[in-house]
Amino acid sequence: MIIMKRTKIKALLSTSQVGSEVLVKGWVRTKRGNKNVVFIALNDGSTINNIQVVADTVSFDENLIKDITTGACIAVSGKLVESQGQGQKVEINASSIELYGKSDAETYPLQKKGHSMEFLRENAHLRFRTNTFGAVFRIRHSMAFAIHNYFNDKGFFYLHTPIITGSDAEGAGEMFHVTTMDLNKLVHKEDGSLDFNGDFFGKETNLTVSGQLEGELGALSLGEIYTFGPTFRAENSNTPRHLAEFWMIEPEMSFYDLNDNMDLAEEFVKYLIKYALENCREDLEFLNNMIDNKLLEKLNFVLNNEFVRITYTEAVSILTATGKKWDYMVGWGRDLQAEHERYLVEEHFKRPVILTDYPREIKAFYMKQNEDGKTVRAMDVLFPGIGEIIGGSQREENYEKLLARITEMKLPQKDLWWYLDTRKFGTAPHSGFGLGFERLILFVTGMSNIRDVIPFPRTPKNAEF
RNA sequence: UCCUUAGUAGCUCAGUUGGUUAGAGCGACGGACUGUUAAUCCGUAGGUCGUAGGUUCGAGCCCUACCUGGGGAGCCA
């Protein structure tokens with residue numbers, strides 16, 4: 001047997017090696033043919049495209065051919081030749097086929113024809129083998145890579161903030177407890193509350209809902225940092241835009257004001273979209289054909305148009321002026337609802353919108369207070385179809401103002417001593433934002449349910465796999 | 001968590017005002033076909049109708065509760 005090096009299908013299809021002997025390995029997508037010749041569509045995950053393997057039945061054992069079913073894994077060596085048929089330029093004339101793993105056709109869940117997203121979600125361990133999910137997860141990888149590239153090129157440092165946190169002050173949502181205590185033998189204090197003294201950390205701990213506060217600590221000495229890691233929210237949210245475990249990117253920058261922050265957010269998102277268009281072309285074209293035929297148009301549109309920037313107050317005026325009847329009232333001081341945001345983005349401006357300067361009452365304690373005493377320097381980036389993709393703000397750098405806000409909102413000041421210290425010792429104006437990674441992937445892939453852009457989604461009542 | 005909608009073959013669905021033995025397409029399996037492209041053609045097998053109760057002479061269909069999925073809302077990224 002000839003020892004040959006394996007070639008990935010992506011490389012095989014993109015370079016002209018016609019006439020040479022090659023070895024490919026992959027999983028069978030389809031097999032068809034007659035008693036003289038069989039055609040095998042083989043995919044190895046390196047690209048959305050398959051290589052066609054042609055095998056003369058006389059040259060191969062009948063049982064081997066029989067075992068080459070959808071889902072089976074094989075290694076094929078043979079000559080790469082120009083295809084005699086339509087549909088592909090090149091194909092492999094197989095000289096030998098080794099069967100690595102059979103795939104019983106009667107019990108293998110995936111078939112050649114299309115499946116519903118719901119069915120594939122229940123088979124998340126196998127859905128990578130479909131064209132759609134192969135494309136989605138290759139793009140997801142490319143976006144993660146591009147994020148590191150972007151920040152690295154700009155001199156930002158990748159900061160690893162803790163996943164287990166002893167702070168629950170951020171208030172971004174319900175948290176998952178982390179404990180090693182025996183849940184059947186919990187110890188209570190005299191006042192009835194749980195006694196964490198015997199727990200692993202000797203105090204109550206949770207999974208993080210955001211790395212922002214720790215990120216600020218890094219920014220206020222390293223200058224510009226970003227986090228990129230998993231975050232957890234124990235909210236009972238059942239929507240196509242929420243996960244209990246999701247990935248978030250949170251840049252935090254010293255000496256950035258809100259405008260710098262908006263500039264960065266816009267440039268960042270556009271960089272990622274451009275990267276996808278330039279590096280994931282075939283996968284995007286597939287998704288454009290099969291999932292959302294406006295996808296490429298949408299991506300190019302966002303890339304080539306400036307985001308609209310208006311204040312919350314201006315947005316309320318626009319919404320009021322429409323005279324429309326809303327399910328939820330519009331009024332200064334009320335938070336904007338999905339229907340309002342959607343109207344602004346999808347009907348009024350027809351492009352991404354950045355809303356700024358929200359009323360302080362509806363925003364977090366750490367946002368910088370404006371001189372009007374009513375608003376804070378917050379920004380939300382709203383995208384068509386998915387709503388809020390980025391939320392950020394200039395942070396309050398003034399110790400007294402920050403402390404006053406913490407007291408006012410009845411937050412546990414003693415748990416935030418380390419955060420407050422940064423405002424006591426060499427405080428600096430700074431800003432940052434959070435980008436939901438899966439929401440970005442939703443937009444870039446055109447997929448409609450967030451459970452289909454993360455390999456193993458965690459949602460209420462679902463932690464399979 | 002609320003509203004809404006659905007759960008019938010491996011998959012996607014049909015199933016009439018409650019009435020004999022629950023159907024189709026695809027897939028699988030068997031066969032035919034000298035180059036296919038989600039191949040085509042002929043044939044075969046495959047179902048405790050989401051779960052538990054109830055109404056009825058009789059329930060896939062009506063009632064109650066629960067479970068699970070989809071869509072919308074809230075919370076947010």
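Throughout, a chain's letter reflects where its sequence line sits, starting with A, and its residues are numbered from 1.
A:Phe437 comes within contact range of no nucleotide atom at all, as no heavy-atom separation falls under 4.0 Å. Within the nucleic acid shown, A:Thr239 comes within 4.0 Å of at least one base atom, counting heavy atoms only. Nucleic acid contact class of A:Arg334 (heavy atoms, under 4.0 Å, all strands): none. Residue-level contact check: A:Gln84 touches the bases, meaning some heavy atom is under 4.0 Å from a base atom. Nucleic acid contact for A:Glu245: none, since no nucleic acid atom lies under 4.0 Å from a heavy atom of the residue. Among the protein residues, A:Ile389 comes within range of the sugar-phosphate backbone only, with heavy atoms under 4.0 Å from sugar or phosphate atoms but none that close to a base. Within the nucleic acid shown, A:Ala338 comes within 4.0 Å of sugar-phosphate atoms alone, with no base atom in reach, counting heavy atoms only. Within 4.0 Å (heavy atoms only), A:Ile390 reaches sugar-phosphate atoms of the nucleic acid but no base atom.
For the residue pair A:Glu216 / A:Gln212, a side-chain donor-acceptor distance below 3.5 Å is found, with atom types taken as modelled. Judged by distance alone, the side chains of A:Trp247 and A:Thr231 never bring a donor and an acceptor atom under 3.5 Å apart. Side-chain contact annotation: A:Asn370 with A:Thr375, donor-acceptor N/O pair under 3.5 Å present.
Ring planes of A:Phe268 and A:Phe433: tilted class, angle from 30 to 60°.
Of the side-chain N and O atoms in A:Arg121, one or more sit less than 4.0 angstrom from OP1 or OP2 of B:G70. Dashed line: the shortest gap from a side-chain N or O of A:Asn236 to OP1 or OP2 of B:U1 is under 4.0 Å. Within the structure, every side-chain polar atom (N or O) of A:Asn462 is placed at least 4.0 Å from both OP1 and OP2 of B:U68. Checking the phosphate oxygens (OP1, OP2) of B:A73, a side-chain nitrogen or oxygen of A:Arg241 falls inside 4.0 Å. Regarding contacts with the backbone of B:U36, every side-chain N or O of A:Gln88 stays at 4.0 angstrom or more from both OP1 and OP2. Neither OP1 nor OP2 of B:C33 sits under 4.0 Å from any side-chain N or O of A:Arg32. Contact annotation: A:Gln337 side-chain N/O to B:G74 OP1/OP2 distance is under 4.0 Å.
Separating the P atom of B:G30 from that of B:U51 is a span of 32 Å, rounded to the nearest Å. For the C1' atoms, the distance from B:A59 to B:U8 is 14 Å, rounded to whole Å. Across the P atoms, B:G71 and B:A28 are found 29 Å apart, a figure rounded to whole Å. Here, B:U1 and B:G54 have their P atoms 28 Å apart, quoted to the whole Å. Only the P atoms considered, B:A9 is 29 Å distant from B:C2, to the nearest whole Å. With both ends at atom C1', the span from B:C26 to B:G72 equals 32 Å, rounded to whole Å. Comparing the P positions of B:C13 and B:C33 gives an interatomic distance of 37 Å, to the nearest angstrom. For the C1' atom pair drawn from B:G7 and B:A52, the interatomic distance equals 16 Å after rounding to whole Å.
Looking at A:Asn293, its side chain never comes within 3.5 Å of a backbone N or O of A:Asn288 through a donor-acceptor pair. Between the side chain of A:Asp260 and the backbone N or O of A:Asp257, at least one donor-acceptor pair lies under 3.5 Å. With hydrogens and angles ignored, the 3.5 Å screen pairs a side-chain donor or acceptor of A:Arg29 with a backbone N or O of A:Arg129. Side-chain atoms of A:Ser142 come within 3.5 Å of backbone atoms of A:Arg138 as a donor-acceptor pair (strictly under, hydrogens ignored). The closest donor-acceptor contact from the side chain of A:Thr69 to the backbone of A:Ser103 lies under 3.5 Å. No donor-acceptor pair under 3.5 Å is formed between the side chain of A:Asn261 and the backbone N or O of A:Leu264. Remark: the backbone N or O of A:Trp27 is not paired with any side-chain donor or acceptor of A:Asn43 at under 3.5 angstrom.
Taking only distance into account, the side chain of A:Ser237 meets the base of B:C75 through a donor-acceptor pair shorter than 3.5 Å. Interface remark: the A:Gln86 side chain does not form any donor-acceptor pair with the B:U36 base, using a distance-only criterion of under 3.5 Å.
Across the protein-nucleic acid pair, A:Arg451 atom CZ and B:G71 atom C1' stand 11 Å apart, rounded to whole Å. When the P atom of B:G72 is taken as reference, atom CD of A:Glu341 falls 15 Å away, rounded to whole Å. Remark: P of B:U34 and CZ of A:Phe39 are 13 Å apart, rounded to the nearest angstrom. Taking atom CG of A:Leu110 as the reference point, atom P of B:A28 lies 12 Å away to the nearest angstrom. Between the NZ atom of A:Lys31 and the C1' atom of B:G35 there is a distance of 16 Å, rounded to whole Å. In this structure, A:Lys66 atom NZ and B:A28 atom P are separated by 14 Å, rounded to whole Å. With rounding to whole Å, A:Trp326 atom CH2 is found 18 Å from B:G74 atom C1'. In this structure, the CG atom of A:Asn93 is 11 Å from the C1' atom of B:G35, given to the nearest Å.
Positionally, the nearest nucleotide of RNA chain B for A:Asn36 lies more toward the 5' end than for the other of A:Asn36 and A:Ala244. Both A:Lys35 and A:Glu339 lie close to RNA chain B; mapped to their nearest nucleotides by heavy-atom distance, the more 5′-ward contact belongs to A:Lys35.
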Intra- and inter-strand pairs of RNA chain B in dot-bracket (Watson-Crick or G-U wobble, both distances under 3.5 Å; | for another strand): (((((((..((((.....[...)))).(((((.......))))).....(((((..]....))))))))))))....
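Screening A:Lys270, A:Lys154, A:Arg309 against A:Asp263 for a salt bridge (charged side-chain N to carboxylate O under 4.0 Å, His left out) leaves a single residue, A:Arg309. In summary, of the residues considered (A:Asp357, A:Asp335, A:Asp380), a salt bridge (charged side-chain N to carboxylate O under 4.0 Å, His left out) with A:Lys363 occurs for A:Asp380 alone. Checked options A:Lys10, A:Gln88, A:Glu282; the residue passing with A:Asn49 is A:Glu282 (criterion: side chain to side chain donor-acceptor pair (under 3.5 Å)).
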Trace of the side-chain hydrogen bond (donor to acceptor under 3.5 Å, both in side chains) decision for A:Tyr419 with A:Glu214: CA-CA 8 Å; A:Tyr419 186 69; A:Glu214 291 90 347; over 6 Å; no
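Which of B:C75, B:A28, B:G71 sits closest to the side chain of A:Ala105 comes down to B:A28. Proximity note for A:His242 (side chain, C-beta onward) versus B:G70, B:G35, B:G74: the nearest is B:G74.
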Letter per nucleotide, 5' to 3', of nucleotides 40-45 of chain B [B base touched, S only sugar-phosphate touched, - untouched; heavy atoms, 4.0 Å]: ------
Annotated protein contacts, base or backbone, on nucleotides 2-15 of chain B with a non-hydrogen cut-off under 4.0 Å, one of B, S, - each: --------BSS---
